[in-house]
Enquirer: 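So that we are looking at the same thing, I have put the structure below in structure tokens.
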Amino acid sequence: FRWMGLASLGCGKMASPLRVLLFGPAREALDASHVEVSVAAICGPDGGFEVANLRKAVEEACPALRELLPSCRFSVDQELVIEEASTLVPPGAEVALIPPISGG
């Protein structure tokens with residue numbers, strides 16, 4: 001468990017730290033299998049937050065990932081996120097940072 005930082009975004013209600021699983025170059029850059037960041041929950045009955053805010057929180061908390069992040073995608077509950085601004089991460093979701101993949 002590595003707590004990497006705190007980002008206050010959204011309506012100001014702080015969520016519990018969220019575990020973000022790391023793979024490939026992201027894992028190597030931080031020498032960790034995951035990081036934990038906090039993102040403000042949106043104002044609403046279900047809470048949660050937008051993936052776009054998660055990206056900002058990871059970038060702020062993990063400077064070593066700043067160059068890699070633009071080419072990475074997030075997954076939420078094993079579903080690759082396409083629209084970060086409109087995709088909400090619900091409480092308790094599994095989140096992963098997916099780096100670019102190459103191979104044959």
Side-chain angles (χ1 to χ4, degrees):
F1 160 64
R2 288 176 66 177
W3 184 81
M4 297 297 294
L6 185 68
S8 179
L9 304 167
C11 70
K13 177 182 175 188
M14 293 308 299
S16 298
L18 173 76
R19 178 179 286 208
V20 179
L21 303 176
L22 302 173
F23 298 96
R27 184 180 207 145
E28 293 169 11
L30 296 180
D31 192 29
S33 62
H34 69 276
V35 294
E36 295 206 7
V37 296
S38 291
V39 182
I42 63 168
C43 297
D46 296 331
F49 49 87
E50 296 169 346
V51 173
N53 287 346
L54 172 61
R55 179 177 291 278
K56 291 175 189 173
V58 170
E59 182 177 2
E60 186 177 296
C62 306
L65 295 179
R66 283 199 177 127
E67 288 185 30
L68 183 63
L69 267 176
S71 61
C72 291
R73 304 281 291 276
F74 284 94
S75 70
V76 177
D77 289 333
Q78 300 183 11
E79 295 282 334
L80 197 59
V81 173
I82 305 299
E83 296 292 329
E84 292 187 4
S86 61
T87 301
L88 293 181
V89 178
E94 178 187 78
V95 177
L97 181 64
I98 311 294
I101 300 171
S102 64

Enquirer: Quick one: salt bridge (charged side-chain N to carboxylate O under 4.0 Å, His left out) pairs with a partner in residues 88-99, sequence neighbours left out?
Expert: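 As it turns out, there is no salt bridge (charged side-chain N to carboxylate O under 4.0 Å, His left out) pair with a partner in residues 88-99 once direct neighbours are skipped.
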Enquirer: Is any side-chain heavy atom of F74 less than 4.5 Å from a side-chain heavy atom of T87?
Expert: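 Not in contact.
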Enquirer: Give me the atom names and distance for the closest heavy-atom approach of P99 to C72.
Expert: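 P99 and C72 have their closest heavy atoms at CA-SG, 3.6 Å.
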Enquirer: What heavy-atom pair brings A26 and L68 nearest, and what distance separates the two atoms?
Expert: N-CD2, 3.4 Å
Enquirer: Looking at every heavy atom in both L22 and A32, which two are closest together, and how far apart are they?
Expert: CD1-O, 3.6 Å
Enquirer: Rounded to the nearest 0.5 Å, what separates atom CG in L54 from atom OG in S38?
Expert: 11.0 Å
Enquirer: Using the salt bridge (Lys or Arg N to Asp or Glu O under 4.0 Å) criterion, which residues pair with E79? Sequence neighbours excluded.
Expert: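 Counting only residues at least two positions away or on another chain, E79 forms no salt bridge (Lys or Arg N to Asp or Glu O under 4.0 Å).
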Enquirer: Work out which heavy atom in V20 is nearest to a heavy atom in A96; give both atom names and the distance.
Expert: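 Looks like CG1-C, 4.3 Å.
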Enquirer: Which residues pass the side-chain hydrogen bond (donor to acceptor under 3.5 Å, both in side chains) test with E84, not counting sequence neighbours?
Expert: R55
Enquirer: Under a single-linkage definition using a 4.5 Å side-chain heavy-atom cutoff for Ile, Leu, Val, Met, Phe, Trp and Tyr, are I82 and L88 assigned to the same hydrophobic cluster?
Expert: no
Enquirer: Which pair of non-hydrogen atoms, one from L80 and one from R73, has the smallest distance, and what is that distance?
Expert: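 Answer, listing the atom of L80 first, then R73: CD1-CB, 3.7 Å.
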Enquirer: Compare every heavy atom of A29 with every heavy atom of L65, then report the nearest pair and how far apart it is.
Expert: CD2-CB, 3.9 Å
Enquirer: At what distance, to the nearest 0.5 angstrom, does NZ of K56 lie from CG of L69?
Expert: 13.0 Å
Enquirer: Does a side-chain heavy-atom distance below 4.5 Å link V35 with L97?
Expert: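 Counting from C-beta outward, V35 and L97 never come under 4.5 Å.
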Enquirer: About how many Å separate CD of E67 and CD of E59, when rounded to the nearest 0.5 Å?
Expert: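 The CD atom of E59 sits 11.0 Å away from the CD atom of E67.
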Enquirer: Got P63 and R66 here, is their nearest side-chain heavy-atom distance under 4.5 Å?
Expert: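 Yes, their side chains come closer than 4.5 Å.
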